[in-house]
Amino acid sequence: MKKIRNVAIIAHVDHGKTTLVDKMLHAGETFKAHQEVGELIMDNNDLERERGITILAKNASMTYKDHKINIIDTPGHSDFGGEVERVLNMADGVLLLVDAFEGPMPQTRFVLQKAIEIGLKPIVVINKVDKENCTPDEVHEQVFDLMFNLDATEEQLDFPVLFGSAKQNWMSHDWKVKTPDITPLLDAIIEHIPAPKTDEGTLQMLITSLDYSAYIGRIAIGRVQRGSMKDGQMVSLVKKDGSIQKSRLRGLFEFIGLEKLKVEQVEAGEICAVVGLEGFEIGDTIADAEAPEALPSISIDEPTISMMFTINDSPFFGKEGKFVTSRHIKERLEKELEKNLALRVEATDSADRFKVYGRGVLHLSVLIETMRREGYELQIGQPQVIIKKVDGVTMEPVEDLTIDLPENVSGKAIEMVTRRKGVMHSMEPKGDRMVLKFEIPSRGIIGLRSQLLTATAGEAIVNHRFKEYQAHKGEIPGRQNGSLIVLETGTSIPYSLNNLQDRGFFFIEPGEEVYEGQVIGENSRPGDLVVNVTKTKKLTNMRASGSDDKVKLAPPVRHTLEEALEYIQEDEYVEVTPKSIRLRKILLKEFERKRAKNAALADVVF
């Protein structure tokens, strides 16, 4: 029997999970001396590297002192919380990473709570002790208090603690004593994380993760709870609803380093990938062909937000993208459903519109950004929160919101959140900063982050996580100011932009191509304003003094994809192409918008 340790690494965003995995893989001599592997090895897609966040949970393994350590790297963002809950089922223990300066954060609490409920033993790693003004001993106390509050058992509270800096490649039992490498951490994993518990009996494996390959199709990943699996063996797939279908395994893979290595047999306690099953889902059990017994299924968090995806029908369609038709978009969304679990796609009454459900704006914007890079053009409507009816009562999702910000601007933040139907639970000072905790409807969070950053000069740190469905909280005020809309298609002229500067601020630069109905700025007053930015200066033979002064234009406001999605109103779309992100009205012509507005007013019964 091989000596195995299965360990998941959990932490808040940016506390150093992926960097620590890098150093562990190097310490286990996973790579040959001549291999150049770079940094953040586990974040292997471009979006993850650019944003510095982990989006998908991933598996890797290393060998240390004749033990095989299976490492599971998990995402820290709450939008990808579904990933964390699933993969903890594969682990026997967790490494809880905490920043030595920030201490336990909301997401730390969430992931730790899940681990404690399952009964996993944690090893606490207080990372980034090389930061200025950090307080490792205080953070150690805070972690203990947090675990105590989460009803941890005596055994779980007796956790080992290591201090160090993953970036500088050292870990120690005392943060004042710097060691040459991270072997104390690897020793602690072998000593404190239990070997996998295996029961006697027939084969059982719970599918906790999926992978997809263009060559071999869908791959089921999970941990063999008992029994063993052989390549080519007949197995039963027990679905969530209890139905059973027979299949033959066409390939078994173990994780060796970052690779999947084909093997003939997998024993209980090992994490493996299986090929050859059809129609499986997360939470299904692979069981014995003759006497199948199901394991308790795991549930995935329900989506809380929806957006309308539609084809790009703007005057500039097809200029930058390769895939522009509804067939392309439909096929791409269906392919995404294969591996993106918290996603749902619904057809609508129109063939070129799809309703897409997800866990949050970030979750869906990662999908949109990926599609955009692959050469797709599409338009997205305003994010809508999913409302449910329970016993005749309208229910909406409510989230826990934590804002960490300077004390002198906390009043502004409280006012903003309460205006959006937020309820304050606590207010704790932390040095010269305040940590505010609220309960707020998900509708209120859309667009809140950008406003808070403006009000706090970029200092606010906002974290939120879905809590539960509660009764509908009533109307929440949206954006007050209207939009500046283009009158006619053409090129924006500096002269026109200069004359319109007192009307609001712009999202475009001079010399950009614009089209009728495009939103190019924000009006300084309520109500939309149609402006002509393609008008040039009339030239005369006379020279007047002072009229030829240089034009001074304020720099345009550029939206990221998430900001654009949160900014738009319900009568607007975000147009996404491989090179540009534009905002536009759904109805491009002025008379169409007026007609729709009049029709809407006519329907209102006074």
Compare every heavy atom of P292 with every heavy atom of V238, then report the nearest pair and how far apart it is.
CG2-CB, 4.0 Å

Can a donor-acceptor pair be found, under 3.5 Å and without considering hydrogens, that links the side chain of R5 to the backbone of H67?
no

Salt bridge (Lys or Arg N to Asp or Glu O under 4.0 Å) with R327: which residues, sequence neighbours excluded?
E331

Assess whether salt bridge (charged side-chain N to carboxylate O under 4.0 Å, His left out) is satisfied between R332 and E374, documenting all intermediate values.
CA-CA 10 Å; R332 179 65 182 82; E374 289 169 2; 2.6 Å; yes

Whether S247 side chain and V235 backbone form a donor-acceptor pair below 3.5 Å
no

Mind listing the closest non-hydrogen atom pair of L146 and L112 along with its distance?
CD2-CD2, 3.9 Å

Hey, what do you get for CG (L96) to CD1 (I123), rounding to the nearest 0.5 Å?
11.0 Å

Any chance the side chains of E154 and Q156 put a donor and an acceptor closer than 3.5 Å?
no

Do the charged groups of E377 and R372 touch, with an N to O distance under 4.0 Å?
no

Give the minimum heavy-atom separation between M395 and V390, together with the two atoms involved.
CG-CG2, 3.7 Å

Residues which pass salt bridge (Lys or Arg N to Asp or Glu O under 4.0 Å) with D99, listed by chain and number, not counting sequence neighbours
K128, K131

Can you confirm whether K330 sits close enough to F354 that some side-chain heavy atom of one is under 4.5 Å from a side-chain heavy atom of the other?
yes

Here the gap from H192 atom NE2 to L162 atom CG, rounded to the nearest 0.5 Å, amounts to 8.0 Å

Return the minimal non-hydrogen interatomic distance between G93 and L120, and the atom names on each side.
N-CD2, 4.1 Å

Would you say M307 and I368 make side-chain contact, with heavy atoms under 4.5 Å?
yes

F163 side chain reached by S172 side chain, heavy atoms, under 4.5 Å:
no

Could you go through the side-chain contact (heavy atoms from CB on, under 4.5 Å) check for D313 and Q379 one step at a time?
CA-CA 8 Å; D313 59 0; Q379 296 183 135; 3.0 Å; yes

Residue pair V385 / T304, side-chain heavy-atom distance below 4.5 Å:
no

K579 NZ: over 12 foreign heavy atoms closer than 6.0 Å
no

Only counting residues at least two apart or in another chain, list the ones meeting salt bridge (Lys or Arg N to Asp or Glu O under 4.0 Å) with D66.
K3

Taking atom types as modelled and ignoring hydrogens, do the side chains of Y469 and E396 form a donor-acceptor contact shorter than 3.5 angstrom?
no

Find the distance between CG (D231) and CZ (R248) and round it off to the nearest 0.5 Å.
10.5 Å

Could you walk me through whether Y357 and I386 pass side-chain contact (heavy atoms from CB on, under 4.5 Å), step by step?
CA-CA 9 Å; Y357 297 89; I386 297 169; 3.2 Å; yes

Could you check whether any side-chain N or O of K240 sits under 3.5 Å from a backbone N or O of G283, counting only pairs where one atom can act as donor and the other as acceptor?
no

Any donor and acceptor pair, going by atom type alone, linking the side chain of T285 with main-chain N or O of M205 inside 3.5 Å?
no

Side-chain ion pair, R223 and D92, N-O less than 4.0 Å:
yes

Where V224 and E267 come nearest, the two heavy atoms and their spacing:
CB-O, 3.8 Å

Side chains of V125 and L185: closer than 4.5 Å at any heavy-atom pair?
yes

Under 3.5 Å: donor-acceptor pair, side chain of T577, backbone of G321:
no

Heavy-atom side-chain contact between E336 and L367 under 4.5 Å:
yes

Give the C-alpha distance, both sets of side-chain angles, the deciding distance and a yes or no for side-chain contact (heavy atoms from CB on, under 4.5 Å) between V324 and N312.
CA-CA 7 Å; V324 293; N312 185 8; 5.8 Å; no

Side chains of S365 and E562: any donor to acceptor distance under 3.5 Å?
yes

Looking only at heavy atoms, which two atoms of D151 and I116 are closest? And how far apart?
O-CG2, 4.2 Å

Taking the six-membered ring of Y376 as reference, does the NZ or CZ atom of K322 fall below 6.0 Å from its centre and within a 45° cone about the axis?
no

Find the distance between SG (C272) and NZ (K260) and round it off to the nearest 0.5 Å.
11.5 Å

Measuring only between side-chain heavy atoms, which start at C-beta, is T325 closer than 4.5 Å to I311?
no

Can you pull out every salt bridge (charged side-chain N to carboxylate O under 4.0 Å, His left out) where at least one residue sits in residues 282-295? Sequence neighbours excluded, please.
R226-E293, K239-D284

Test item: T310 side-chain N/O and D352 main-chain N/O as donor-acceptor pair under 3.5 Å:
yes

Do the non-hydrogen side-chain atoms of E254 and I256 ever get within less than 4.5 Å of each other?
yes

Of all pairs that satisfy ring pair (Phe, Tyr, Trp, His ring centres under 6.0 Å), the ones with a partner from residues 328-348, not counting sequence neighbours:
F323-H328

Give a yes or no on whether the backbone of I69 and the side-chain of N6 come within a donor-acceptor separation of less than 3.5 Å.
no

Residues L88, V94; criterion side-chain contact (heavy atoms from CB on, under 4.5 Å); working and verdict:
CA-CA 8 Å; L88 286 178; V94 291; 3.7 Å; yes

Hey, is CD on E278 packed in by over 12 heavy atoms from elsewhere, all under 6.0 Å?
no

Distance (rounded to the nearest 0.5 Å) between F253 CZ and L261 CG
9.0 Å

So which pairs with a foot in residues 186-198 pass salt bridge (charged side-chain N to carboxylate O under 4.0 Å, His left out), sequence neighbours left out?
K65-D187

I'd like to know if the side chain of T348 reaches the main chain of S350, judged simply by a donor and an acceptor atom lying under 3.5 Å from each other, with no hydrogens or angles considered.
yes

Sole residue of L565, V356, I380 in side chain to side chain contact (heavy atoms under 4.5 Å, CB included) with L364
V356

Once you round to the nearest 0.5 Å, how far does CD of Q265 lie from NZ of K230?
4.5 Å

